[in-house]
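Everything on this sheet refers to the single structure shown next.
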Amino acid sequence: MMFQRKKIFLFALIWAILQIIKVNSKNLLFAREFLNSGDTVTGWTYNNKVQCQGQLIEANKQVYMLNSGQKQSSKTYTNLPNHYRFEIRIDFLVVDNPYGPVQFIADSQTLATYNFNSPGQDMSICGDPSVKDKYERVQYKKPHSSSTLTITIKHNLGSYSMLGITDLQIFLDTCHPFCQACNGPNSNNCTACGSGSGQTLSTSGTCICPGQLLMQNGSCVSSCAPPQMASGSICIDDPCQINCTTCSSSTPGQCAKCSGSYRLFNGNCITQCPSYTSNINGVCIDMITQYWNGYYLFQGFFESDFSSISFENYGFQGNYFDPYGDIPNSDMATYSDCYGVRLYSGFGIYGQFVYITNRWNIPWKHSSVLVKMKYVQVENYEVNYNTNQLERLSINLNNQEQAFLLSGGTDLGCGRLDQGETMGWLSANTTKTVQDGYLNLTITNNFYNPTWYEGIAFRELVIIVSKCI
Ligand SMILES: *[C@@H]1O[C@H](CO)[C@@H](O)[C@H](O)[C@H]1NC(C)=O
Ligand SMILES: *[C@@H]1O[C@H](CO)[C@@H](O)[C@H](O)[C@H]1NC(C)=O
Ligand SMILES: *[C@@H]1O[C@H](CO)[C@@H](O)[C@H](O)[C@H]1NC(C)=O
Ligand SMILES: *[C@@H]1O[C@H](CO)[C@@H](O)[C@H](O)[C@H]1NC(C)=O
Ligand SMILES: *[C@@H]1O[C@H](CO)[C@@H](O)[C@H](O)[C@H]1NC(C)=O
């Protein structure tokens, strides 16, 4: 009994510590513009839109465009919440034989300058099929803390060319709610504290309430308002009060029954069972339970709401395409939104010789390795005319192809499920023991076309290893 209590206390302590250093809120989508045909353009120097009828569905709509008489347009966003960094993602078109510079500026800092000097390359994305266009997706990340942000789009393209923006997103990496200003997302990254309640900034960067007062969401209170509870000198979320109707103790992962439509998963209440589980009567049953001595080597790419998503965040490496050398200082966009599904890669990792790879140590003997991912076919997989082989998307494990997807689809952008492109699951299941004690996963292709045709897009990747005893 004593032991139980000690254990619970220990859990509570670890939970409280985790709460304090928890990366609380980041990647807040602060603004999104130009995405839909019907959206009105407000706050910009120019507000004109031009109908674009093209080959890429992302561009096939009313697009915000600047012509040769409109060389510069800007907008100032105001009332930004406390943050330490912004990230901007811009999908843009340069229409009709692009020739000349295009520039993106944040406040007075240049994010990137493009110099288009290859008229006639790429494809006719917008309108006239006899003149070629360009389509780029890029993102930039910069430290920033001011409550206003001015974005300027500039160009000096040839007289018949136009610059169009099909999507612009601004994300803010916000401060922890305990901080008034910060240099990072955590509660010990504060650089200033709320005024009026005698808060002090400790040398370790934490905002502290005076005396017996408790820190709750940037204010000092005498008791925590629900659904939070006191933990030391701060208020933390009470896992028993949040989305849970029955629980055995106020420690995390102890919910026994979730409220409303929430699903119970490992003692926590979540909105939807992850794809590596089955929903049985509102409880998510992990598929690992079906594996003899199973162990997750990797689980990731499940996010549906993220901004700085990139496979690098998961320790993956990839090679990027830049066939014409047009893309300066850009980490390239590494996701696409296709038919309401957010996918890794897609446009960011595209065409010939492109791969995504990672490597894990497997220090124990094992009987099988399962790799499973959701894919969306982007564009048309046909024939590689150099090798005369059918084009394929491959999952390679330790340099051997273990699963592949062949042919199909149509030459339309972004996984047009309504046009015969497919979304599904691709799995590799191998019983070969990896002798060298590591697993190298490489997702790659043998595509023929360098760009715009045929892409890799995936999400929800899991790797399960069945260990030997
Ligand atoms: C923010 O806090 C983390 C620990 O929570 C620390 O590692 C990091 O250095 C801090 N960032 C800055 C800029 O101080
Ligand atoms: C925390 O404080 C901020 C700013 O005062 C407020 O906008 C937000 O709603 C508060 N959150 C909660 C959970 O009370
Ligand atoms: C509880 O539900 C809300 C609303 O869906 C969600 O935003 C929040 O993350 C959930 N909190 C926990 C601790 O599960
Ligand atoms: C995995 O193997 C491929 C092919 O040999 C190699 O190009 C890649 O760099 C390896 N990946 C890692 C993360 O080591
Ligand atoms: C993987 O292969 C092993 C051995 O053939 C088999 O026992 C297991 O059921 C397979 N798993 C899946 C998910 O197909």
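Just follow the structure's listing: the first ligand is 1, and inside any ligand the first atom is 1. Residue numbers count from 1 along this sequence.
Of all non-hydrogen atoms in Q180 and C193, the two that sit nearest each other are CB-C, 3.5 Å. Smallest separation of non-hydrogen atoms from S74 and T45: N-OG1, 2.9 Å. Scanning both residues, C224 and L214, for their nearest heavy atoms gives SG-CD1, 3.8 Å.
Ring orientation note: the planes of H144 and H83 are close to parallel, at an angle under 30° on the 30°/60° scale. Below 30°, between 30° and 60°, or above 60°: for F298 and W360 the angle between ring planes is between 30° and 60°, a tilted geometry.
Distance screen at 4.0 Å: atom 14 (O) of ligand 4 has a protein heavy-atom neighbour inside the cut-off. For atom 2 (O) of ligand 2, a protein heavy-atom neighbour is found at a distance under 4.0 Å. At a distance under 4.0 Å, no protein heavy atom can be found next to atom 7 (O) of ligand 2.
For atom 9 (O) of ligand 4, the nearest protein heavy atom (residue, atom name, distance) is T357 CG2, 4.4 Å. The protein non-hydrogen atom at the shortest distance from atom 11 (N) of ligand 2 is N217 ND2, 2.7 Å. The protein non-hydrogen atom at the shortest distance from atom 5 (O) of ligand 4 is N399 ND2, 3.2 Å.
Residue-ligand proximity, R359 to ligand 4, at heavy-atom distances under 4.0 Å covers atoms 13 (C), 14 (O). The contact set between ligand 1 and N186, taken as ligand atoms under 4.0 Å from a residue heavy atom, comprises 1 (C), 2 (O), 3 (C), 4 (C), 5 (O). Which parts of ligand 4 touch N358 is read off a 4.0 Å heavy-atom cut-off, strictly below it: atoms 13 (C).
Geometrically, ligand 4 and N440 share a nitrogen or oxygen pair separated by less than 3.5 Å.
Looking only at distances, no side-chain donor or acceptor of S231 sits under 3.5 Å from a matching main-chain atom of C235. Checking side-chain atoms of S466 against main-chain N and O of W292 turns up a donor-acceptor pair under 3.5 Å.
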